[in-house]
Amino acid sequence: MMSDRITLVEVGPRDGLQNEPKPVSTAIKVELVDRLTDAGLPVIEAGAFVSPKWVPQMAGSDEVFAGITRDPSVDYPALVPNLRGLEAAQRANLKTIAIFLSASETFSQRNINCSIAKSYERVQPVVAAAQEAGIAVRAYISCVIGCPYEGAIPTKAVAAVAEHLVGMGIRELSLGDTIGVGTPGTIRPMLKTVRSAVGDEITLAGHYHDTYGQALSNILASLEDGIRVFDSSVAGLGGCPYAPGAGGNVPTEDVVYMLSDMGFEFGVDLAKLVDIGHWICRVIDRSNGSRVTRAMLATRTEP
Ligand code: HMG
Ligand code: MG
């Protein structure tokens with residue numbers, strides 16, 4: 001077995017819900033986060049302090065953060081695009097924020113309305129102010145394999161963004177296969193190029209959408225390349241309003257099932273996750289993307 005620790009970053013309440021067409025109430029969002037806390041997840045991305053004009057579903061993230069019951073051992077980050085978002089994160093008393101940039105020029109324009117170069121200028125003061133305030137910063141790089149507008153993205157474009165972020169002092173980079181087109185054949189060279197650009201001290205995380213059903217294979221390939229942090233979403237919820245055709249994130253249940261069986265320990269309760277995924281899919285009227293959940297529910301005998 002591979003011996004060291006894995007950290008799962010549950011992105012269901014943010015990535016999972018941001019693209020849902022019907023508004024999800026604050027009460028449901030709070031219940032989702034609280035139940036994920038109870039299931040033992042160590043990091044739960046619980047909202048986004050972005051423009052409500054751009055992503056209406058994330059409006060009211062301040063109310064979500066005010067409503068959840070925080071476990072002091074759990075980190076509850078939120079997406080932050082600019083200084084205004086950072087101020088909201090500070091009011092919500094967050095320990096960590098997540099900034100987000102892209103390796104694709106067109107996706108950058110569509111998602112955050114600026115070029116990659118401009119996005120460095122925009123996030124630099126956010127990172128500096130967060131560090132000054134003792135808030136940790138995680139950074140996403142989107143479109144590390146493919147872009148919905150430009151097609152294949154060269155690994156050196158990903159490495160260039162990674163180097164810029166590390167130069168600003170970021171120590172954890174989440175590599176987003178935003179549209180889920182990657183396979184071990186493309187993920188491995190991308191990881192190798194980024195790793196050689198940023199060095200061994202930087203934590204790299206895999207953020208793999210499962211559009212083409214490759215996410216678990218990509219996690220396995222990443223594990224073999226030393227990655228130990230993975231983002232996932234209960235029931236495989238997820239997608240991005242500015243990435244047409246993107247499927248959900250890899251389902252947390254499926255990641256826990258696979259990695260537990262490989263001998264990794266998480267302290268995450270799979271049975272509780274299955275129930276949470278089943279519940280949220282019924283509440284928001286969405287099909288459950290977790291094959292593990294479908295299999296377990298099909299064979300479960302009710303007491
Ligand atoms: P903009 O229109 O260029 O900027 O948007 P602006 O400064 O002109 O602001 C527009 C309006 O939003 C203004 O309101 C601002 O006040 C307001 P108005 O004056 O018109 O009434 N505004 C805000 N409101 C609340 N909180 C804020 C904020 N900032 C401005 N922080 C901006 C630029 C970056 C704000 C916008 O493009 C935006 O919010 N984009 C977010 C898009 C997004 O959230 N996408 C999904 C998340 S990324 C993702 O899913 C990928 C990921 O999962 C990894 C992967 O899979 O690859 C992370
Ligand atoms: Mg995503």
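These numbers come from a predicted model, not from an experiment. Each ligand, and each atom within it, is numbered from 1 in the order the structure gives.
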Item checked: Proximal protein residues to ligand 1, non-hydrogen atoms under 4.0 angstrom -> Arg14, Asp15, Gln18, Phe49, Val50, Ser51, Pro52, Lys53, Trp54, Val55, Leu79, Pro81, Asn82, Arg84, Gly85, Phe100, Asn111, Ile112, Asn113, Arg122, Tyr140, Ser142, Gly176, Thr178, His207, His209, Cys240

Checklist line | Residue Tyr257 excluded, over 12 heavy atoms near OH under 6.0 Å | finding: no

Checklist line | Exceeds 12 heavy-atom contacts within 6.0 angstrom, atom CZ of Arg35 | finding: yes

Next item on the list: Applying side chain to side chain contact (heavy atoms under 4.5 Å, CB included), name anything that partners Pro23, two or more places apart in sequence or on another chain.
Entry: none

Checklist line | Nearest heavy atoms of Tyr149 and Thr106, plus distance in Å | finding: CB-CG2, 3.5 Å

Next item on the list: Can you measure from CG (Asn19) to CZ (Arg14) and round to the nearest 0.5 angstrom?
Entry: 10.5 Å

Next item on the list: Could you check whether the rings of Tyr140 and His207 sit parallel, tilted or perpendicular, using 30° and 60° as the cut-offs?
Entry: perpendicular

Margin query: Under the side chain to side chain contact (heavy atoms under 4.5 Å, CB included) test against Val268, which residue among Leu36, Leu41, Thr252, Ile6 passes?
Written below: Leu41

Show me, pair by pair, the donor-acceptor contacts under 3.5 angstrom made by side chains of residues 273-283, not counting sequence neighbours?
unit_1, atom_1, unit_2, atom_2, d
Asp275, OD1, Arg300, NH1, 2.9
Asp275, OD1, Arg300, NH2, 3.2

Item checked: Of Val250, Val9, Leu223, the residue whose pairing with Phe230 passes side chain to side chain contact (heavy atoms under 4.5 Å, CB included) -> Leu223

Check: By residue and atom, what protein N/O/S atoms are less than 2.8 Å from the Mg ion (ligand 2)?
Finding: Asp15 OD2, His207 NE2, His209 NE2

